[in-house]
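First the structure, in the form of structure tokens, and then the observations on it.
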Amino acid sequence: MANYYGSARSNYFLVKCLKTFKDNLPAGVGIWEGNEDNRVGIFSECPDGGGWPTFDYDDSTGETIDCDLPEYVSMHLVDGEVAIFMEAGAEKLRYICGYAEAINNKGERRQVTLNDIYSLAKELTD
């Protein structure tokens, strides 16, 4: 059985309060601080394959909780900012995957995946 190896990162975006954003960032997410105050980028430090974490651990209860990282970031974005999350990875040549998702401070989302190419390619055969 092969392992999945992925990489994930965001663009740089402005947050309202850097301290609050950093203090509540889910486990498995690293942060780059930009040259401007409150401008950051994030990346995956997830030990399970390198993708974005989908759950967090609650120290007080010992339970795992679902984590929607784009939603978390959206709540901290300055008006007019958009955060873009990208992830790409592979499990040998069994599959190669990739996606990107954009979200604004209103929680509006747009997403594309590598698999979108199949429907686009179909347009070329019609």
Side-chain angles (χ1 to χ4, degrees):
M1 184 165 187
N3 293 330
Y4 174 81
Y5 294 101
S7 297
R9 65 156 296 158
S10 75
N11 63 328
Y12 284 89
F13 48 85
L14 285 171
V15 294
K16 297 171 192 169
C17 176
L18 182 57
K19 181 178 179 353
T20 303
F21 180 76
K22 288 169 62 173
D23 287 349
N24 298 297
L25 202 57
V29 178
I31 186 168
W32 296 299
E33 294 185 41
N35 295 334
E36 288 180 61
D37 289 343
N38 297 350
R39 183 168 294 278
V40 298
I42 57 176
F43 58 94
S44 174
E45 293 183 321
C46 186
D48 187 22
W52 291 117
T54 56
F55 64 90
D56 200 3
Y57 183 75
D58 186 339
D59 291 328
S60 63
T61 64
E63 296 179 9
T64 57
I65 50 175
D66 289 337
C67 170
D68 184 343
L69 185 59
E71 182 179 306
Y72 171 79
V73 170
S74 173
M75 296 184 303
H76 294 274
L77 289 174
V78 170
D79 289 348
E81 286 290 303
V82 174
I84 299 173
F85 298 83
M86 295 176 276
E87 180 178 335
E91 184 179 317
K92 292 202 173 185
L93 290 179
R94 184 173 304 154
Y95 64 84
I96 297 173
C97 65
Y99 80 96
E101 181 173 354
I103 191 165
N104 63 16
N105 66 309
K106 299 173 190 170
E108 299 168 328
R109 299 177 183 225
R110 301 293 183 272
Q111 186 179 59
V112 294
T113 71
L114 285 180
N115 286 337
D116 292 341
I117 194 63
Y118 291 106
S119 59
L120 293 171
K122 184 165 177 18
E123 295 173 11
L124 298 174
T125 63
D126 293 339

Please round to the nearest 0.5 Å and tell me the distance separating atom CD1 of I103 and atom OG of S10. 12.5 Å

L14 backbone acceptor or donor facing E81 side chain under 3.5 Å: yes

Would you compute the distance between atom NE2 of H76 and atom NZ of K16 and round it to the nearest 0.5 angstrom? 8.0 Å

What is the minimum heavy-atom distance between L77 and N105, and which atoms define it? O-CB, 3.6 Å

Do the rings of Y95 and Y4 sit parallel, tilted or perpendicular, given the 30° and 60° boundaries? parallel

Closest heavy-atom pair and its distance - A100, M86: CB-CG, 4.0 Å

In terms of hydrophobic clusters joined by side-chain contacts under 4.5 Å, are M75 and I42 together? yes

Within this structure, what is the CG-CG distance for the pair L120 and N115, rounded to the nearest 0.5 Å? 11.0 Å

Please report the closest heavy-atom contact between K92 and A2, naming both atoms and the distance. CG-CB, 3.6 Å

If hydrophobic clusters are built from ILVMFWY residues whose side chains come within less than 4.5 Å, do V73 and V78 share one? no

Could you tell me the separation between the CD atom of E87 and the SG atom of C97, rounded to the nearest 0.5 Å? 6.0 Å

Quick check: closest heavy atoms across P70 and D68, and the distance to 0.1 Å? CD-OD1, 3.2 Å

Would you say that more than 12 heavy atoms from the other residues, nucleotides or ligands in this model lie under 6.0 Å from the CZ of R109, or not? yes

Could you tell me whether the side chains of D23 and T20 share a donor-acceptor contact shorter than 3.5 Å? no

Taking every non-hydrogen atom, the tightest pair across P53 and A27: CG-O, 3.6 Å

Mind checking whether R9 and W32 have side chains closer than 4.5 Å, heavy atoms only? yes

If hydrophobic clusters are built from ILVMFWY residues whose side chains come within less than 4.5 Å, do F21 and I84 share one? no

Sequence-distant partners of L18, side chain to side chain contact (heavy atoms under 4.5 Å, CB included), two or more places apart: V15, K22, I31, E33, N38, V40

Among W52, Y99, F43, find the one that has a ring pair (Phe, Tyr, Trp, His ring centres under 6.0 Å) with F85. W52

Keeping N11 on the side-chain end and V82 on the backbone end, is there a donor-acceptor pair under 3.5 Å? yes

Shortest non-hydrogen contact from S44 to G50? OG-O, 3.1 Å

Does S74 use its side chain to pair, donor to acceptor, with the backbone of N104 at less than 3.5 Å? yes

